[in-house]
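Accompanying notes for the structure given below.
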Amino acid sequence: MTQARGSNIIDLRSDTVTLPTEEMLEAIRNAELGDDVYREDPTVNRLEEMAAKKMGKEAALLVPSGTMANLVSLMSNTKRGDCVILEAESHIYWYEVGGLSAIAGLIPWPIRGHMGALDPQDVEAAIRPKNIHFPETTLVCIENTHNRAGGTIITPQQIEALSRVTKKYGLKLYMDGARIFNAAVALKVDVREFTRHVDNLMFCLSKGLSCPIGSVIVGDSEFIERARKIRKMLGGGMRQAGIIAAPGIIALEKMIDRLEEDHRNARLLAEGITKIDGLYVDLRRVQTNIVLIDVSGLGVNSETFIAKLRERGLLASNHSKTIVRMVTHRGIEKEHIERALTIIEEVAKELRVKR
Ligand code: TLP
């Protein structure tokens, strides 16, 4: 099962639309269950052990969503009133309903990155000095791959350079690794290369890895203990959560390597689009499974462009006024990309004629 049955639609809005595999559904049916608030769900325990090991950290915690993973992690790394440095286009800052301020009581200190990557010098300059008037800076957040920058990879070297700054000032370094396996697969390195220099991170099971629900927070045991308590406080303590963990185990065992196919398809899509008059894709940013298309050359906004694509059965999402986002994922094959390119070309032609 990859898309809603009988559907002819090509859905490139996000990799969150992936449906579970038959094997995942079977695993859910057969999962050994218990009450996870009592830590008695063997399937959850197994997933958390696997995740911690894979990431080279001591412990892990299953949470329902990436947004909750980020919020729980922010709260476990800081205290109310602290200042958090993050990238100005990061998911935490853009898309999480301001939870970091509204719930965690934190002050965001956004810095503009370069293709999603924070410059260590900019971070160092943004740390609030010790002063009676200032909030205390205690955390730096990075995002990998960086969603709004176009799925760009923050390399292990870039992370290490940032960690030198955070260590120097005694700050924590956290990674929103919702798509960290995309980064690892794209660079053909072990995921631990990316996790080694951060204190803790989260990754999502429910994006390219195709699970129906779930994200995992990973870090040292003390941090995860705090996170477990905060998850409970936020209402995220789950009971027979093995039904979520069971497909997660399959994801970690079997769904990582295939992300390469999504990257190949994204590349194919991006290169095809660059040949269409009036559309622009910055190919340097197409490093994983996201393609950002600038439609301003057609003299229309993203909304109009997306509506036209939709009429022809192609779904895309709105990144900004003139940028449309397309994301490849399991269930999208080369043939879908070819069909998508035909649709995009037709729409571009129609809009060019109207100008
Ligand atoms: N991103 C979604 C939307 O919310 C924009 C998407 O379609 O890309 N971190 C990153 C980097 C993400 O891209 C997302 C989801 C999250 C966190 C939040 O995950 P969920 O949706 O599980 O709360």
Side-chain angles (χ1 to χ4, degrees), residues 11-20 51 61-75 84 86-100 102-104 108 110 113 115-118 141-154 159 174-184 186 194 198 200-218 231 234-236 238 241 244-245 247-248 251 259 262 266 285 287-293 302 306 315-320 323-332:
D11 192 346
L12 298 181
R13 283 172 304 169
S14 182
D15 45 9
T16 57
V17 303
T18 47
L19 298 179
L61 183 74
L62 175 66
V63 291
S65 69
T67 302
M68 189 186 277
N70 280 336
L71 181 59
V72 166
S73 300
L74 286 166
M75 292 174 79
V84 175
L86 35 59
E87 207 282 321
E89 300 261 331
S90 64
H91 195 277
I92 294 177
Y93 194 56
W94 267 78
Y95 293 121
E96 299 187 5
V97 207
L100 88 164
I103 304 172
M115 306 247 285
L118 291 173
C141 296
I142 58 173
E143 186 175 308
N144 210 1
T145 61
H146 194 293
N147 185 343
R148 284 189 60 80
T152 51
I153 299 165
I154 317 302
I159 302 173
Y174 169 72
M175 179 162 69
D176 171 348
R179 297 185 179 83
I180 194 60
F181 286 113
N182 290 85
F194 293 93
V198 300
N200 37 65
L201 71 140
M202 74 86 164
F203 68 92
C204 290
L205 296 167
S206 64
K207 299 199 163 56
L209 300 187
S210 299
C211 289
I213 310 170
S215 294
V216 184
I217 302 172
V218 198
R231 179 189 69 171
L234 295 175
M238 298 177 285
I244 298 174
L259 294 172
D262 300 343
R285 289 176 188 263
Q287 300 173 6
T288 56
N289 68 330
I290 299 180
V291 179
L292 300 181
I293 309 156
S302 331
I306 290 168
L315 307 187
S317 58
N318 197 333
H319 173 280
S320 59
I323 295 178
V324 171
R325 185 186 78 157
M326 293 188 184
V327 185
T328 55
H329 51 81
R330 193 178 63 83
I332 296 298

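Read the numbers this way: they start at 1 and go in the same order the structure lists the ligands and their atoms.
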Looking only at atom types and distance, does a side-chain atom of Thr152 sit under 3.5 Å from a main-chain N or O of Met115, one as donor and one as acceptor?
yes
Is ligand 1 under 4.0 Å from a heavy atom in the side chain of Asp15, in the backbone, in both, or in neither?
neither
Which of these, Gly66, Pro64, Ser317, has its nearest heavy atom closest to atom 22 (O) of ligand 1?
Gly66
Keeping Arg179 on the side-chain end and Cys204 on the backbone end, is there a donor-acceptor pair under 3.5 Å?
no
Can you check whether Arg148's main-chain N or O pairs, donor with acceptor, with His319's side chain at less than 3.5 Å?
yes
Rounded to the nearest 0.5 Å, how far apart are CE of Met68 and CG of Leu234?
5.5 Å
Any N or O of Lys207 closer than 3.5 Å to N or O of ligand 1
yes
Heavy-atom pair with the smallest gap, counting every atom of Phe194 and Ala184
CE1-CA, 3.6 Å
Considering heavy atoms of the protein only, find what lies nearest to atom 23 (O) of ligand 1 and give residue, atom and distance to 0.1 Å.
Thr67 OG1, 2.6 Å
Report the distance from atom CD1 of Ile217 to atom CG of Leu61, rounding to the nearest 0.5 Å.
5.0 Å
Report, in ascending order of atom number, the atoms of ligand 1 lying under 4.0 Å from any heavy atom of Ser65.
22 (O), 23 (O)
With respect to Asp176, determine whether any N or O atom, backbone or side chain, lies less than 3.5 Å from an N or O atom of ligand 1.
yes
Geometry only, no angles: is Glu143 polar-contacting ligand 1 at N/O separations under 3.5 Å?
no
Please state which part of Ala178 comes within less than 4.0 Å of ligand 1, counting heavy atoms only: side chain, backbone, both or neither.
side chain
Any N or O on Asn147 sitting closer than 3.5 Å to an N or O of ligand 1?
yes
Test your reading of the model: is there a side-chain donor-acceptor pair from Ser206 to the backbone of Ser215, 3.5 Å cut-off?
no
My understanding is that we take every heavy atom of each candidate and find the minimum distance to atom 12 (C) of ligand 1. Doing that for His91, Arg13, Glu96, which one comes out nearest?
His91
Using a 3.5 Å distance criterion without hydrogens, assess whether the side chain of Glu143 forms a donor-acceptor pair with backbone atoms of Asn147.
yes
Using side-chain hydrogen bond (donor to acceptor under 3.5 Å, both in side chains), reason through Ser317 and Arg325 one step at a time and then give a plain yes or no.
CA-CA 5 Å; Ser317 58; Arg325 185 186 78 157; 3.2 Å; yes
Side chain, backbone, both or neither: Arg179 near ligand 1, heavy atoms under 4.0 Å:
side chain
Considering only the protein, which heavy-atom contact is closest to atom 7 (O) of ligand 1, and what is its distance?
Ser14 OG, 2.7 Å
Under-4.0 Å heavy-atom contact with ligand 1, by part of Arg325 that carries it:
side chain
Just heavy atoms, cut-off under 4.0 Å: does Arg148 contact ligand 1 by side chain, backbone, both, or neither?
neither
